[in-house]
Visitor: 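I'd like to ask you about the structure that follows.
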Amino acid sequence: RIKAPRDLLTLKSIAPRLKQLFLQTISGTLQNPVCLKSKYAATVKAMFPSLQVLDGMRLNYPHSLYTLGVQLDEEFKKAAEKDQDVSGGREEAKKTKEPVVSPQLKEDFSSAITKLQDVLKECKQACVSPV
């Protein structure tokens, strides 16, 4: 069982050009404890730059859920920084109901969701239809 990112150092020394790594099921039902760590995916990706698939998710594909999630996180951080006021010598974040997300990122997410729905539909049909 892998409990912390440092537990992957041995794997890194054995397989420095690792392409795929599964530490949990796609649904997350079976997982190593390291998967519960903050920024788990980003940490593993940094340790294995050649990694293309982590837990069944494509990392280097521009419209992968991982890549889009990283972009969304960056946009939320930028929006939070812009929304800060300096008052009374200390910063207080303004409370907004909905974070600002670029139209391009919204379009990319929408496209990724549509593709995912199409794949799921095909899988469902393949499971139901006799070969």
Visitor: Distance-only criterion, 3.5 Å: show the donor-acceptor pairs between side-chain atoms of residues 9-18 and protein atoms not counting sequence neighbours.
Guide:
{"unit_1": "Lys12", "atom_1": "NZ", "unit_2": "Met47", "atom_2": "O", "d": "3.3"}
{"unit_1": "Ser13", "atom_1": "OG", "unit_2": "Thr10", "atom_2": "O", "d": "2.7"}

Visitor: Calculate, to the nearest 0.5 Å, the distance between atoms NZ and CD belonging to Lys45 and Gln52 respectively.
Guide: 8.0 Å
Visitor: Please list, one pair per line, the donor and acceptor atoms closer than 3.5 Å that link side chains of residues 29-42 to other protein atoms, with sequence neighbours excluded.
Guide:
{"unit_1": "Thr29", "atom_1": "OG1", "unit_2": "Thr25", "atom_2": "OG1", "d": "3.3"}
{"unit_1": "Thr29", "atom_1": "OG1", "unit_2": "Ser27", "atom_2": "OG", "d": "3.0"}
{"unit_1": "Gln31", "atom_1": "NE2", "unit_2": "Gln24", "atom_2": "OE1", "d": "2.6"}
{"unit_1": "Gln31", "atom_1": "NE2", "unit_2": "Gly28", "atom_2": "O", "d": "3.3"}
{"unit_1": "Asn32", "atom_1": "OD1", "unit_2": "Ile2", "atom_2": "N", "d": "3.0"}
{"unit_1": "Asn32", "atom_1": "ND2", "unit_2": "Leu23", "atom_2": "O", "d": "3.0"}
{"unit_1": "Tyr40", "atom_1": "OH", "unit_2": "Asp55", "atom_2": "OD1", "d": "3.4"}
{"unit_1": "Tyr40", "atom_1": "OH", "unit_2": "Asp55", "atom_2": "OD2", "d": "2.5"}

Visitor: For Ala46 and Pro49, work out which heavy atoms get closest and say how close.
Guide: O-CD, 3.9 Å
Visitor: Could you list the cluster mates of Val53? Members are the ILVMFWY residues connected by side-chain heavy atoms closer than 4.5 Å, either directly or through other members.
Guide: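 The other cluster members (ILVMFWY side chains, heavy atoms under 4.5 Å, direct or chained) are Phe22.
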